[in-house]
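A, B, ... follow the sequence lines: proteins, then strands. Residue 1 opens every chain.
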Amino acid sequence: MIALVDCNNFYVSCERVFQPRLEGKPVGVMSNNDGCVVARSAEIKSLGVAMGMPAHQIDPHIRRQCILLSSNYALYGDMSRRVTDVLSQHTPHVDVYSIDESFLSFEGFEPETLTDRCQVMRRQVKRDTGIPVSVGLSTSKTLAKLANHRAKKESIFDGVAIMDPGSEDTRGYLQQLPVNEIWGVAGRSAARLHTLGIETAWQLREASPKHLRKHFSVVMERLVYELRGVDCIPLDDMAQPKKQIMVSRSFGRLTQNKTDLQEAVRVHAARAGEKLRKQAGLAQAIMVFVRTNRFRQDLPSHSKNVVIPLPHATCDSRDLIRAASAGLEQIFKEGIWYQKAGIMLMDLCDHDNEQLGLLAEPMSDEKRERNEKLMATLDKLNREHGKNTVRLGIPRKVNAWELRCEHRTPRYTTKWDELPNAIL
DNA sequence: TGGGGCAAT
DNA sequence: ATTGCCC
């Protein structure tokens, strides 16, 4: 059996742990740059604030009743780790799927005991971390996800729902469920399914996998089996090293300033290097891209990218920064109002599969070892003493590309000087 | 008016 | 290489 544990309104719940006065109020958390609403309390949902809605599009009358917070990823990341720690006490197989969702394998456990077991787990998460979670149980990840959805929606389940793939109850549920509510089926795919006469989850389950593979892809074929209760996506599938690594940010405000873009690209390249070293990989190319704000039709639009091959496969931030800066030189244009810059590491490989370019001279083992040691030390310092303890090149304190986050709460759990204050 | 990743084309 | 799609 597989359990999907999903935190309820996760970012909002994290904020409420440290600000209980937010309980019962319409609270939303916005994406980076205070752009869109990405987490909503039940109360703000019933005011009609939709998921992903741009904050500035909320009706001013509604907006006045809401509390909208900037994202506080330091807090959410730490709370997420605490939740995962509790889950790990209940089964050795925890696969973290996203910041607020984990798949747990309960293989070998008695299925009859699982609902009770998960109730205990759920209460412990609430008691130890303050975060409310819901649990869906079934034999495939897709059904576990649907069971989780029911655990949230139908109060009879008290937060833990189990779906037997062969039961009448499951059949009835799937028969009334529109395909677009299945995990992995959204607008476009749903519309195409409709043209094949498939409107409900049950019809998809009963369809021919081969037929669907022809019209869609292996992903949709798998989904049919998943709906039948056959688990097709192995847990460690998600722990595989990434094939590409991207770091990009919109700027806090538009900028024409080349220095802003240079700094942003350097910081992004360094961050990407960190991610790359974490998965013990090497990159063989890096792409740099810049673009204007697509929504500003009053300004000239401009979007450009360039791929820079790296002379040798590397995870050294200095190499990545150098290449990224060279790339920016090629695509930067004066007089353009830029909104976003980013880099993508491509052609990733591991240390054993490094291919030498035709013209590349192999680096001496001694030199390579010194470089690796330097990067390892850099990562360790930033890990143990907080990020930005050591950085390559020093960005200016005030710049246009720093994110907007005017309503961010304190980083209660990760910064000594932002601890919650118990003295009134 | 977000960020990240993958697979199909 | 680029685009579309998904969360």
Side-chain angles (χ1 to χ4, degrees), chain A residues 4 6-7 10-11 28-39 49-58 68-73 76-77 96-103 141-142 145 148-149 179-193 212-223 233 237-254 264 267-268 271-272 274-276 278-279 281 285-289 291-297 299 301 303-309 339-348 401 403-405:
Chain A
L4 173 63
D6 192 316
C7 302
F10 182 55
Y11 297 170
V29 175
M30 295 175 285
S31 62
N32 264 344
N33 257 328
D34 295 346
C36 307
V37 179
V38 293
V49 176
M51 184 63 175
M53 189 184 253
H56 75 264
Q57 275 179 14
I58 301 172
L68 286 182
L69 302 171
S70 305
S71 329
N72 185 346
Y73 285 108
Y76 312 147
V96 177
Y97 180 67
S98 71
I99 196 164
D100 72 332
E101 280 173 274
S102 288
F103 284 104
K141 295 190 186 60
T142 304
K145 182 94 182 169
N148 186 285
H149 187 71
V179 277
N180 61 299
E181 291 188 31
I182 302 168
W183 187 36
V185 182
R188 201 68 66 104
S189 316
R192 284 169 60 202
L193 283 169
L212 282 162
R213 184 180 190 145
K214 230 178 282 164
H215 283 272
F216 295 85
S217 70
V218 62
V219 179
M220 191 66 78
E221 181 189 22
R222 270 199 206 142
L223 202 50
I233 313 162
D237 215 45
M238 297 174 280
Q240 293 302 308
K242 306 271 180 274
K243 297 175 181 174
Q244 54 188 217
I245 290 173
M246 174 146 92
V247 180
S248 71
R249 290 286 180 282
S250 298
F251 303 137
R253 51 179 194 274
L254 302 185
V267 169
H268 296 340
R271 173 73 190 118
E274 242 172 68
K275 291 190 191 181
L276 182 60
K278 197 165 167 190
Q279 69 171 35
I286 182 169
M287 180 180 83
V288 187
F289 67 90
R291 68 167 169 76
T292 52
N293 184 343
R294 301 178 304 236
F295 298 99
R296 290 290 298 266
Q297 288 173 355
L299 296 172
S301 78
S303 172
K304 215 147 173 54
N305 69 68
V306 61
V307 177
I308 306 288
Q339 192 236 357
K340 184 174 188 166
I343 66 100
M344 186 156 87
L345 303 183
M346 307 162 54
D347 303 335
L348 305 191
W401 55 273
L403 289 177
R404 235 174 7 222
C405 54

| request: Check the distance between C:dC7's C1' and A:Ile99's CD1 and give it to me in whole angstrom. | output: 14 Å
| request: With heavy atoms under 4.0 Å as the rule, sort A:Ser189 into base, sugar-phosphate or nothing. | output: sugar-phosphate
| said: Considering every strand and a 4.0 Å limit on heavy-atom distances, what is the contact class for A:Lys275: base, sugar-phosphate, or nothing? | reply: sugar-phosphate
| task | Using atom CE of A:Met246 as one end and atom P of C:dC6 as the other, report the distance to the nearest whole Å. | result | 17 Å
| message | Need to verify one output field. Residue with the more 5' nearest nucleotide on DNA chain B, A:Val218 or A:Pro54? | response | A:Pro54
| query | Within this structure, what is the CZ-to-P distance between A:Arg294 and C:dG4, rounded to whole angstrom? | reply | 12 Å
| request: Indicate, with a heavy-atom threshold strictly under 4.0 Å, whether A:Val247 touches base, sugar-phosphate, or nothing. | output: sugar-phosphate
| request: Taking the side chain as every heavy atom from C-beta outward, state whether A:Val247 and A:Val267 have any pair of such atoms under 4.5 Å apart. | output: no
| DNA chain B: 5'-most and 3'-most nucleotides touching chain A, 4.0 angstrom heavy-atom criterion | B:dT1 to B:dA8
| message | Do A:Gln244 and A:Leu345 make a side-chain contact, defined as non-hydrogen atoms from C-beta onward lying under 4.5 Å apart? | response | no
| said: Is A:Arg188 close enough to C:dC5 that one of its side-chain N or O atoms is under 4.0 Å from OP1 or OP2 there? | reply: yes
| query | P atom, B:dT1 versus C:dC6: distance in rounded Å? | reply | 24 Å
| How would you list, by chain and number, every residue that makes a side-chain hydrogen bond (donor to acceptor under 3.5 Å, both in side chains) with A:Arg296, sequence neighbours excluded? | A:Asp298
| note | Tightest non-hydrogen contact, residues A:Tyr11 and A:Ala39, listed as CB-CB, 3.7 Å
| message | Is the ring pair A:Phe103/A:Trp183 parallel, tilted or perpendicular, if the boundaries are 30 and 60 degrees? | response | tilted
| request: Indicate yes or no: at least one non-hydrogen side-chain atom of A:Phe289 is less than 4.5 angstrom from one of A:Ser303. | output: no
| query | A:Gln244 has an atom CD; how far is it from atom C1' of C:dC6, in whole Å? | reply | 14 Å
| said: Both A:Lys243 and A:Gln339 contact DNA chain B. Taking the nearest nucleotide for each, which residue is further toward the 5' end? | reply: A:Gln339
| message | As an exercise, state the distance from CE of A:Met344 to CE of A:Met246, rounded to the nearest 0.5 Å. | response | 6.5 Å
| What is the nucleic acid contact for A:Asn33, judged by heavy atoms within less than 4.0 Å: base, sugar-phosphate only, or nothing? | nothing
| query | Taking CH2 from A:Trp183 and C1' from C:dC6, how many angstroms apart are they, rounded to a whole number? | reply | 11 Å
